[in-house]
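Convention: sequence-line order gives letters A, B, ...; per-chain numbering from 1.
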Number of protein chains: 2
Amino acid sequence: MQLDNRKKEVLHAIVDDYVSTNEPVGSKSLIERHSFQVSSATLRNDMAELEHLGLIEKPHTSAGRIPSDKGYREYVNSLMTIEELSPKEQLEIEKRIDSSVNEVTDLIKNATHTLSETTGFVSLAMSPRLKKSFLKQLKILMIEPGKALVVMVLSAGVVKDKVVRIPNFLNDEQIMKISGAIEKNLTGKPLDEITLVTVESAGKGTEVPEPLLKQVLYEAYAAIKQADELNIYLEGEHRMLNLPDFSSLGRARDLLGTLSDSGMVAGYINEMENVREHSGDDSFMIRIGQEIALEGLDDCSFITATYNLTDSVSGNIGVIGPKRMLYSKVISQIDFVKKKLNKEMQRLTEI
Amino acid sequence: MQLDNRKKEVLHAIVDDYVSTNEPVGSKSLIERHSFQVSSATLRNDMAELEHLGLIEKPHTSAGRIPSDKGYREYVNSLMTIEELSPKEQLEIEKRIDSSVNEVTDLIKNATHTLSETTGFVSLAMSPRLKKSFLKQLKILMIEPGKALVVMVLSAGVVKDKVVRIPNFLNDEQIMKISGAIEKNLTGKPLDEITLVTVESAGKGTEVPEPLLKQVLYEAYAAIKQADELNIYLEGEHRMLNLPDFSSLGRARDLLGTLSDSGMVAGYINEMENVREHSGDDSFMIRIGQEIALEGLDDCSFITATYNLTDSVSGNIGVIGPKRMLYSKVISQIDFVKKKLNKEMQRLTEI
DNA sequence: TGTTGGCACTCGAAGCGATAGAGTGCTAAT
DNA sequence: ATTAGCACTCTATCGCTTCGAGTGCCAACA
């Protein structure tokens, strides 16, 4: 994008003004609010040029300009400067993210909640992708005849469990044998390398009748697979209704409708994450307006960062807000929450 | 309420018409839509009377009437007749509530989701109140030095667990001893009779140094207390935006704002539940409009039923919809979902 | 006494025209 | 390349009128 300096400044100013006023900005008010050394007529020429490049657009013929998706993109990529949060803001976040929590899930919910409160937008987080973590322990506990609990401890310090049905007449001792065999043979294996076949061969040699054994092994396998399922946490959907951008009920409805299908949102984040991984970019994922392939989010921007539970186990945390947002501020907020989250995660996972 | 028959019919008709059209209903249209054997002038007199009794009201001087909270209340208490769902509707619900689920929590989420889809409103459920259930098993598993998992099996077939911190240098054997002592002494006790003192005395006699023992016992106690904490599940908040009743953004915002504070909603349900228990009424709790002591729910009705996990362990499931709803239909839907839920719960809890 | 037809009155919703104001594009001069 | 000036455009808004559904009340009637 070959823009001379003044044009860059003009675009910057238009984005800033539009973000803060929510009104299309015209050449005159631009002169008033900023100290350009040229006249409004000159800015009009520049604006015509920016419009030609598709960076800004007019809602109607005789109105001011608003940034287009492409304009916001240019702003985010090359114009804005990111500042650190003030110590006060940092403290506020530190305080809200509770350090007394002992489970990863609670910690993530905590961070999501905090992020929604500090940004005033919808926040969301994906649970850690555990497929690269490995099994450290697996125990099967009898609950009552026919029912057992599979408890797994994963390398990332995460504990998962699942209630499963087992044949009624299996006794404690048999279950212990099977449990021991699985644990012995699968400990240290990453979850994504564990298949039904692996589990079945791990259980071989246990002196339990074949069909019964097979059922238990299947259930154990199902429990392991369930452990690496992804969860998504969304918070603060109602905040969108406070934004003038969604004062039209139709838009608000479409947006909340889409967000209510958390599976769809999770799928989209996963997709984005794959792109990020392959592009080698390790900081933020930013999607603006139509770039987001979800219905009803045309007027939104979607920003996520990646947090790490361990080196190989990570998840995402971020916000969905209006396109018309203070990008630099929001990005610093996400960044700070992410860092705090990483710190707490480390506390939880180090022995 | 001493109302002659025709006045009852008039109120009935006004509620029905208003529910289906969402427009204030006048004497003339009342004549048109129903076969009253009198003139519109007569109905006008009746309506003036009903207004005097506070059962209906006018949005403004020259408009038709709409039911007041008191009017809806009268309708619900003595006018409406409840019909069973059609076999088709029943089947639809049966199908949606999945029978392959093995955990109570999943089952409840499932039922909540179904209820929101069938009614088109916000649905919600409270997790079972476990304080009357008793401990069947309690195991403490070492995860790694300094970290353990407390697993509890409760009488209602519910499994709960919590990761806890323990002193670093406790070994497997010591933990097993403590775990065994607690289990031995507390099995069969209802959760609400277990206090820190009970747990501490249960752990006595274990050959583990005093301060270490005390910490573990405290953590075990905390885990037990956490097990009977209540959870609330809310679904379909976005559906409210589809209702003409909430087309004013302000109302929608207040409503969703309140619902987003799930703790507050849970507290309110608990309060309602206490009233129900003491009044001996065992069917539905219905709260209409201003009867609901929650901000922003003035235009809503709140209907819940009680489901049972076992005889002494129960929770609630219901909906929050607009006051202007088809009460008889919604009540049958809740009732049917509740019955189905009870059935599935029984399947899960019977050995 | 309960019911009815008639009538004047009320009030919001919808449609219309005029006006104001912010903004644009273009042209001609610097 | 920049600027002043001007004609033009489009929306938002205000006030005005009209329309219609609905009400309350009164006098007449069974």
Rounded to the nearest Å, what distance is computed from the NE2 atom of residue B/His52 to the P atom of nucleotide D/dG24? 13 Å
Without decimals, in angstroms, what is the distance between B/Asp17 CG and D/dA21 P? 16 Å
Rounded to the Å, how far apart are B/Lys28 NZ and C/dT4 C1'? 14 Å
Between A/Gly26 and B/Asn45, the residue closer to the 5' end of DNA chain C by nearest nucleotide is B/Asn45
Could you tell me how far apart A/Arg65 (CZ) and D/dT9 (P) are, to the nearest whole angstrom? 17 Å
Residues A/Glu51, A/Arg44: salt bridge by 4.0 Å N-O rule: no
Take atom CG of B/Leu43 and atom P of D/dG24, then tell me their distance rounded to the nearest Å. 13 Å
Which residue lies toward the 5' end of DNA chain C, B/Ser39 or B/His60, if each is placed at its nearest nucleotide? B/Ser39
Give the rounded distance in Å between these two atoms: CD of A/Glu51 and P of C/dT24. 9 Å
How would you label the contact of B/Ala63 with the nucleic acid (heavy atoms, under 4.0 Å): base, sugar-phosphate, or nothing? sugar-phosphate
Contact class for A/Ser27 (heavy atom, under 4.0 Å): base, sugar-phosphate, or nothing? sugar-phosphate
Look at B/Thr61 and C/dC11 and indicate whether a side-chain polar atom (N or O) is within less than 4.0 Å of OP1 or OP2. yes
B/Arg251 atom CZ: more than 12 heavy-atom contacts under 6.0 Å: no
Check whether any side-chain heavy atom of A/Lys338 sits under 4.5 Å from a side-chain heavy atom of A/Asp335, and report yes or no. yes
In whole Å, what is the span from the CD1 atom of A/Ile66 to the C1' atom of C/dT24? 16 Å
Among D/dT2, D/dG22, C/dG23, find the nucleotide with the atom closest to the side chain of B/Ser29. D/dG22
Presence of A/Arg44 side-chain N/O under 4.0 Å of D/dC6 phosphate oxygens OP1/OP2: no
For a quick test of reading the model: is some side-chain N or O of B/Lys58 closer than 4.0 Å to OP1 or OP2 of D/dG24? yes
What is the separation between atom CG on B/Leu30 and atom C1' on D/dT23, rounded to the nearest whole Å? 14 Å
Using a 4.5 Å cut-off on heavy atoms from C-beta on, say whether the side chain of A/Tyr75 contacts that of A/Ile14. no
Taking N and O atoms by type only, does the side chain of B/Ser62 place a donor or acceptor under 3.5 Å from a partner on the base of C/dT10? yes
It should be established whether B/Lys7 places a side-chain nitrogen or oxygen under 4.0 Å from OP1 or OP2 of nucleotide C/dG2. no
Around atom NE2 of A/His60, are there more than 12 heavy atoms of other residues, nucleotides or ligands at under 6.0 Å? yes
